[in-house]
Structures are given as structure tokens and as C-alpha cells.
There are 2 protein chains.
Amino acid sequence: MEKVRIALLGLGNVGKGVWNILKNNRETIMKRAGYDIEIAKILVRNTGKNRGVGVPDEILTTNVDEIFNDDSIKIVVEVIGGVEPAKDYILNAIRRKKHIVTANKLLIATNGEQIFKEARDMGVIINFEASVAGGIPVINSINESLTANKIQEVVGIINGTTNYILTKMTLEGMDFESALKEAQQKGYAEADPTSDVEGYDAVYKLAILTTLAFETKVNVDDIYVEGITKVRPKDIEYAKELGYVIKLLAIVKDVNGKLEVRVHPTMIPAIHTLANVNDSFNAILIKGNAVGDLMLCGRGAGELPTGSAVVSDIISVLRNDREGLNASDVQYNNREIANSGEIKSQYYLRITVKDMPGVLGKIATILGKNEVSILSFIQKPKKEDFVSLVLVTHETLEENIDKSLKEIKNLGMVDKVKNVIRIEELS
Amino acid sequence: MEKVRIALLGLGNVGKGVWNILKNNRETIMKRAGYDIEIAKILVRNTGKNRGVGVPDEILTTNVDEIFNDDSIKIVVEVIGGVEPAKDYILNAIRRKKHIVTANKLLIATNGEQIFKEARDMGVIINFEASVAGGIPVINSINESLTANKIQEVVGIINGTTNYILTKMTLEGMDFESALKEAQQKGYAEADPTSDVEGYDAVYKLAILTTLAFETKVNVDDIYVEGITKVRPKDIEYAKELGYVIKLLAIVKDVNGKLEVRVHPTMIPAIHTLANVNDSFNAILIKGNAVGDLMLCGRGAGELPTGSAVVSDIISVLRNDREGLNASDVQYNNREIANSGEIKSQYYLRITVKDMPGVLGKIATILGKNEVSILSFIQKPKKEDFVSLVLVTHETLEENIDKSLKEIKNLGMVDKVKNVIRIEELS
């Protein structure tokens, strides 16, 4: 069978996954791709390091030009991550007419439009399934399988680290810090967990999903983001009492023609399928005007699941290149993005107050004045001088909640607004 | 934008869905397909019938040759169902170099190999996403997104009618007959429900999934099938006590190089995600050696969900035809299919016996002699002269169960073997 030579940029976890899959599934992949795929070069920072996956030393290089200048290399697989130097490498490879497979969410989220344009101009393919939700074929589903639909909403658990932490807090009663530590010990969270726990990782993936599902530009800085660091065991406990589970959701929906795009901890009904997606699993719910609700669930990270998406993308390049297919045509229109102040949600409010008569009345009056109505209410027994009030509101604008909370904080009998968490009923 | 003319064969539910989607999502579909899609002809049996979807009379025809002989028609969309005349029509269209989109599970399951071969020879595309699980992109996932994987197992709830019935029995305590009647009233079950409730519909879909996931021929008659008509409220109740839920599962798995392919009511752990896929929803769990466990869940039937798959397939033909892509290359190798006697399962046995000492001992002795060991056991209070014994076994061969049950039935103190249901722990 004809050989085809490809290069990897990077040999971290995903790179190792790609290497192992191409080795272990070689026979079946050959039949499906129509080629015998040979990894001809791998760009690494340090050729001396032992990586323990049996990569022969002679294909490692620290000089990316060896890859660019090798005309026999048809596909460049970028698994370095980050904007630079990945962007520079990818653009260079495109200009040398090499097809690209990338797992780089940050790069596609922030520089996708330019990259797709240059690829289109050069007639090369960019495949990037691995950039969102690892092995789950969400990009292919939106780009290929759901093209008959106007997509109305995409809601996802697309960060495995935070889902693992929230699962531990929910099912085992851990606090955030212990759950984070366990996630780090298991390799689910990095030494610096900021990008995961503050929600940025989910924002990049959501930006990509927004562009694909709604064919629009979206600036990652315009996406509302709130991480999970402020979720307390008490919130998890009260959520349970109210019939909810807390998940970090990435949400984009078309509301009256504007797009709401946001990442935040969210209470969702405990009986909803998404509420039962646990540990480091990811899940994405897509609502289309023909297909209805479609859910995809699987491993959103890890060497082999992400490698699965990368290698399937490589095979797809080879199948399509053989037939002369051109670059995928990602649309970057200008849909209007809603400000967070315009977004309507239900809210959960947890407030500690002095144990005095009339306090609920005062709070309710402030809420009512600001057009926030109360759906349900629980008062918790006194603890260290204060009682906790847990309020669930009807749907209201964020600005109404903000105004209310400012006034509530100024009440003499109020100790603290302990937490504010959005609720989605997820029809 | 350039127009492209297509024809529908059939204007039942799916045909109407296709018509409505092409009308309602016309603008977005045009951009994605690169063509303005016009339904030029629709083959019907009776042009006089009012179908209430606003199809102009002049495009209806009862003469299929008007479609075959019209060279301007690029794609034939077959939504009649059944083997003949659908097969004859599709082969005729292929021979006239028209691309095919079909929703026909029975035809693809039984005649796929011939149809794909003729299409390959003529250089036309056959798309058939709608043939399995309606709008859920399971075929595209296996054929495109998971090509990096050796697939090890596919387990699905792929018949919405039986899932609706079992859900009603499980959550509302209905018996089979009442649940079936309700399914018929809601349009989920047909007047003659045989194909659904006896499992044949699921068998056809499983045959297609088996061919795609394991690149093999499979004869529908070689697939073990057992419907849900023998599932009693008592079984549902005892399943719950044991921590299980009963679902009609379609299963194909590679066990030591042989394929087990079967459709039967199955007890699965109540906490498993599949156990919570309710009503007429479908779900498919795919286990690949790289991606791990992937689940797809959504609407497996209905005008619009199935129409979503058909129309997305039409768009896919147009995108690929433009670039000169050839027919998809479905592989029909000869994988060995296991006989049902060779398949190991856990079993649930419900047996009514006379209330006498020693009866459990006799039954346990027979089971032990036949290499069936008991995992758990419940005895139910006496009712109408008999007590019910509920036994859960460890994994064993079907032939061991068969032999045991033959002997157990001959025990004087045994009234009846009321039911035998397989259990899958679904790791």
C-alpha cells in the first residue's frame, strides 16, 4: 500500500496517544485511510528526553524547518497547544501546502478565521475535532450530520477537570480544595489549575462551538465566564435539597435573534441526563430545529480519546485529499452577542442574616421592587450567630439581581451574600 | 445560486419531514450545500390524496420513470421503506448515475452489499444515516469520526416504540398491553406492532451497525432476537429490587474474535446512563479501543428527526459531488458470528413453585450441576398456592441455562418458569 508521510509538532500526552493509536491500529487504519501512514518527523524541544513510547530517536527533531522543507510530508499534526509558536508553525505549513490536523482549542478559538482563510486560499484541509471535547465527535456532528438544522442551543459539560471536582463535591461531600488536590493527584488537573477551574478552558471550546453552530465570529473576551472556585459544599447541599445538581455549563443559545454565550456554575435538575454525567466525562447537548435534542457523551480528554479524534481527522484528510476535496468552509458572520446584563436566568441566592423578625420581608421587598420574584425559599437553622436564607427566583435579568444584591448587602441585618448561582431548567 | 433538482420516492412521515425542513431552513441549507435544492418530483401511489403540507400537485407523480428519465435530477431520496419496490427503484436510479439518500433500514440490512457495490461501480454516493436511530449521527460517527478505533462493542436502545412501552411499564407500573395501547394512541406504535415489539426493527438496525462497526457481512437471520412481549410487571418490579432496569438492547460485541450479535430484553444497572434513556428516545453506546465509551442519545424516529438525517445526507452528497468524491466504501468482510448457545450472560430467572421445604435446594442442585452459579436470590410471599423464586446467576453459557431449565420444569414442585431475562452489567 502507498505510504504517506506525516509530521507531529509536539510529543506530549496527545502526541503519544497519536503515536500509539497509529501503531496499535495500523492494519485497520491502513484500510480505512487507503494509505500506510508513517510518522516521518516529530518536533520536540528536547531530543534527549526518554518518553517511553518507543519513538525512534532519528525521527525526533528540534528544527521545525526540517518539516516545512520536506515536500514529502503531506500532513502536519499540531499538538503543542497555545497560540505561539503553534500559529506560526501552522501558517507556515499551510503556505507549503501541507494539510493540518490540530487539537489546539485556544488557537482555533482566537485565530480560527485567519487560519481557515489561509487554508482555503491554499486549498489545504484543516481538521480540528480534537480541539473540543476530546474523542466526542461534536465538531463533525455540527459540521456534517446536523447541516439540515438551524441550531438553537448548545449546552455542554466540556471541561473534565471541573466536572471531576464537582462530582467529588456532590457525591462524596468533599470541599473544593480537597477535590482539586485529588484531581491533581490523578492527573486530571494541572499544577496550575487556573484555566480549568476559572472556566477559561471551557470558554475557548465554547467559542469554537459557537462559531460552528451559529456560523459567527465570537470574541472570547465577550463570553461571560465564572469558574467553580466559589462553589461551597453548602451550595451543593442546598442544591440537592432543591432537586438540583451543580455543573459547570458552557451555554450558547439564540434568544430572540441574539446569542447568549456563557460559562458558569449552573444548577440543573437532578433528573436531567446532563446532571448524571460524572467524573471527567464530557457531554454536549445540541438542540436543532429538526433533530430536536441530541446528546453526545464521552471522554473529553486523555491521551487515547483525544488521539482518537486526531487520528480520525488524519484519516479524513487522506480520504478527502485523494478525491481532491478542498478546505472546509467555516463561516464567520457577525451575529449579535448578548451582554450578560441582558441574559435572563433563574437564580439561587444564599444569604446569611441576623436571626431577627422582618428580615425576609425586607429582602423580599427589595427583590420585588427590582422585578425579581421568589419561586421558593428555605431558612436554615442558626449557626455562629447567623441563619442562612436560600432563595430560588423566577427568571429575571442579571441587572435586576445585581441591583437587588447591592441593596440587600446594605441592610444592617444582612451578614453576607454567600453565593449566587444560575439555574437552568434545560427543557 | 445554482439550482439542483432532486426527487423523493414516497411522501409519508419522513417524506413530509424532508419537505418541511427543506422549506423552513432553505436559506441556511443553501449556504451549506452550495446549491438551491429543489424537489422536482415526488413519487406517490395516489396523487389525489390531500397531504396537508403544501406540496404542489404538479410535482406529484405515480410514474417512477418520469424520475429515472429526467437527467436533470441528481439525487433520488428513497423514503418508501421495505425491500421491494424500493430496491428496484434504487438500483435503477444508481444505473442512471443518480446519487441516493435512503432511510431504509430493512433494505440496507438485507441488500446493502449489492447496493453499495453497484453504487461504487457507477461512481455514485449512497447516504443512509436515517436508516438507524433517526436523527442521531451514529453512522457518520462510526464511518467518519471513529475511524482511528478498533470498535469493540456497540450497545443500543434503537427502537423507540419498545423503549416507550418499557418506560411506561417501569415508571408508571403499566402492563405491556396498556402501554402498547398508549403507544399506539400517541403514534409511537403502528396498528400492527409486530416488527417493533418482537425486536425485528432493532435487528435490521443492528445488522447495519454490525457491518459498519466491524466491517463484516451479517445475515439478519443469524441475529438472536427476542422481543418484549413476555416482560411482565412482576419482572420490572423484581428488576427494580435488584437494582436493574429492563431495556430492549441491541448488542454487538467482539468476544475472543467472534461477534456476538443479539437483540433481547436486558436488565441493566439502574444507575447506568442507558437505564435513564426514557420514552421514545434512542441511545447508542460505542466502545472503541482509543475513544473509550462514547454515547449518542436523541430522537430515533419521527418526521423531523429522521428528516434531519435525510436532509443532512442530501447536503453531504452535494458537498462531496461538487468535489468529485466517490461512493463510500462499506466493507463486507466475513467475520465469524457466535451462535446464541456460545454467548455468556448473567441471567435473571423467575420461577413459581409450591411452598415446600427443599425446593430451592433442588433447583440450586440442578443449576450447579449445569455449571450455573447463583449470585443472588429473593423469595416472594405465597400467592394463589405458589411462591415466586427470583434468582440472579453469575455469567454462564445459554446452553447451560437451557439444560437447567428443562430439568427444573420437570420437578414436581415447580409450577412454571415464568421468565428468563439476560443481565448486562455494562462496565
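Order of the sequence lines sets the chain letters (A, B, ...), proteins ahead of strands, with each chain counted from 1.
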As an exercise: rank [options] by heavy-atom pairs under 4.5 Å with chain B and give me the winner.
options	value
A:N140, A:V311, A:V18	A:N140
A:N276, A:L146, A:I271	A:L146
A:A283, A:S308, A:G302, A:G135	A:S308
A:P137, A:G298, A:C297	A:C297

*Considering non-hydrogen atoms only, spot the tightest contact between B:A148 and A:I21 and give its length.*
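That would be O-CG2, 3.5 Å.
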*Could you pull out the closest heavy-atom pair between A:K150 and B:N24, with the gap in Å?*
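A:K150 and B:N24 have their closest heavy atoms at NZ-O, 3.5 Å.
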*Which answer fits B:L294, side chain, backbone, both or neither, if we ask what part of it has an atom under 4.5 Å from a heavy atom of chain A?*
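It is both, since atoms from each part get that close.
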*Answer with side chain, backbone, both or neither: which region of B:E215 has an atom nearer than 4.5 Å to a non-hydrogen atom of chain A?*
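It is the side chain, since no backbone atom gets that close.
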*Looking at side-chain heavy atoms only, is the closest gap between B:T273 and A:T273 below 4.5 Å?*
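Yes, side chains in contact.
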*Enclosure of B:K240 NZ (heavy-atom neighbours >12, cutoff 6.0 Å)*: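 Counting other residues, nucleotides and ligands, NZ of B:K240 stays at 12 neighbours or fewer.
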*Give a yes or no on whether B:K23 atom NZ has more than 12 heavy-atom contacts from other residues, nucleotides or ligands under 6.0 Å away.*
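Yes, NZ of B:K23 has more than 12 neighbouring heavy atoms, counting only those of other groups under 6.0 Å.
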*Provide the full list of salt bridge (Lys or Arg N to Asp or Glu O under 4.0 Å) pairs with a residue in residues 126-136 of chain A, sequence neighbours left out, each pair given once.*
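Pairs touching residues 126-136 of chain A that pass the test: none.
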What's the spacing between [X] [atom1] and [Y] [atom2] if we round to 0.5 Å?
X	Y	atom1	atom2	value
A:S312	B:N149	OG	CG	6.0 Å
A:I315	B:S145	CD1	OG	11.0 Å
B:R319	A:N320	CZ	CG	11.5 Å
B:M295	A:I136	CE	CD1	10.5 Å

_Heavy-atom donor-acceptor pair, B:R32 side chain to A:T147 backbone, under 3.5 Å_ =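 The answer is yes, because a donor-acceptor pair under 3.5 Å joins these two groups.
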*Measuring heavy-atom distances to chain B, does A:L296 have an atom under 4.5 Å in its side chain, in its backbone, in both, or in neither?*
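Both backbone and side chain.
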_Can you confirm whether the side chains of A:N25 and B:N289 place a donor and an acceptor under 3.5 Å from each other?_
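Looking only at side-chain atoms, B:N289 and A:N25 do form a donor-acceptor pair, the distance falling under 3.5 Å.
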_Leading residue by heavy atom contact count with chain A [cutoff under 4.5 Å; candidates B:I139, B:V291, B:I29]_ =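 It is B:V291.
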